[in-house]
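Taking it in order: structure first as structure tokens, then the write-up.
A, B, ... follow the sequence lines: proteins, then strands. Residue 1 opens every chain.
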Amino acid sequence: MQPSQYEHLTPAQAIAYQHDLRRQINLSPLDKPIQTVGGADISFNKYSEVVYAGIVLFNYPELKVIGTATAISKTKFPYISGLLAFREVPALLDAWNKLEVKPDLMVLDGQGIAHERRTGIATHFGLVTNTPSIGSAKSRLTGRYDEPGNHLFDQSPMYDKGEVIGIALRSKPNCNPIYISPGHRVSMEQSVQIIKNCIRGYRIPEPTRQAHLLVNKIRIDDGQNLNQQFTLFD
DNA sequence: GCGACAG
DNA sequence: ATCTTGTCGC
């Protein structure tokens, strides 16, 4: 199945595809230390099919920005809880394909295996690109957990059907936790450690945080261009 | 049937 | 997710 064809899938077909993807997940630990990480996110205007995708590359663990890539495309696939990847991955791949050099690992805004079928957007993206990936979500999709303590990096495991599917991590005191889960080709423990190394005083880890700022900027800029074009005619 | 429900 | 200013709390 080609991501460019996702918009033609029915929800039932998308779910069937997730069952297929699930069998390909590999959560064995990374064998080599990573030197670069990428953060990805998308943005869009309410009621619009236009999506703005962006990826920011950093060296690791210093986290200096070493590159970016963006893409603007359209999607017909609606937002359906549990099927987020079918809406966002195609646009992210457009940005991904523009990168001169691919990062050793990607951090996505959403779940990895902390998903009812273990196929959150981070897992989906990791499988499609055959790249190690981690999911860092701002809210819970599924799984039960006890609230982690209120100190930096306090954590609590998330369970679903008897297995640990993620970690609720206190990335900043007095803020809600973030939900970390491996996407593909990285272990649960490594995922948490890498995300902790990407926290820079904000609740959201730097890769995803910078990607979010980037896509919002290109979205606003794009809106400015539209107004500018109309202005040229009056 | 009811409540939950990534972005 | 997006629309948006001030405001309560650490």
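A 4.0 Å heavy-atom criterion places the boundary nucleotides of DNA chain C facing chain A at C:dA1 to C:dC10, written 5' to 3'. Along DNA chain B, the stretch of nucleotides lying under 4.0 Å from any heavy atom of chain A spans, 5' to 3', B:dA4 to B:dG7.
Side-chain contact between A:V51 and A:S73 is present, with heavy atoms from C-beta onward closer than 4.5 Å. In this structure, the side chains of A:Y60 and A:D104 stay at 4.5 Å or more apart for every pair of heavy atoms. Annotation: side chain of A:W96 is in contact with side chain of A:T129 (closest heavy-atom distance under 4.5 Å). A:I121 has its side chain within reach of A:E88: a pair of non-hydrogen atoms, C-beta onward, lies under 4.5 Å apart.
Side-chain contact check for A:R219 and A:N45: at least one donor-acceptor pair (N or O, by modelled atom type) lies under 3.5 Å. Between the side chains of A:N216 and A:S43, at least one donor N or O lies within less than 3.5 Å of an accepting N or O. Of the N and O atoms on the side chains of A:R170 and A:N176, not one donor lies less than 3.5 Å from an acceptor on the other residue.
The residue among A:R219 and A:N174 whose nearest nucleotide of DNA chain C is located toward the 5' end is A:R219.
Across all strands shown, A:G135 has no heavy atoms under 4.0 Å from either base or sugar-phosphate atoms. Residue A:L108 is out of contact with every strand shown, counting any heavy-atom pair closer than 4.0 Å. Nucleic acid contact for A:I121: base, since at least one base atom lies under 4.0 Å from a heavy atom of the residue. Among the heavy atoms of the strands, none lies under 4.0 Å from A:H124. Using a 4.0 Å heavy-atom distance criterion, A:T142 is classed as making no nucleic acid contact. Using a 4.0 Å heavy-atom cutoff across all strands shown, A:N150 reaches no nucleic acid atom at all.
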(message) Dot-bracket for DNA chain B, please. Rules: Watson-Crick or G-U, both distances under 3.5 Å, ( ) within the strand, [ ] when a pair crosses earlier ones, | for another strand, . otherwise.
(response) .......

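Within 6.0 Å of CD on A:Q13 lie more than 12 heavy atoms contributed by other residues, nucleotides or ligands. Applying the 6.0 Å contact sphere to CD of A:Q5 captures more than 12 heavy atoms from other residues, nucleotides or ligands.
To the nearest 0.5 Å, the span separating OG1 on A:T142 from CZ on A:R140 amounts to 5.5 Å.
Remark: A:R87 qualifies as a cation-pi partner of A:F44 under the 6.0 Å distance and 45° angle criteria applied to the six-membered ring.
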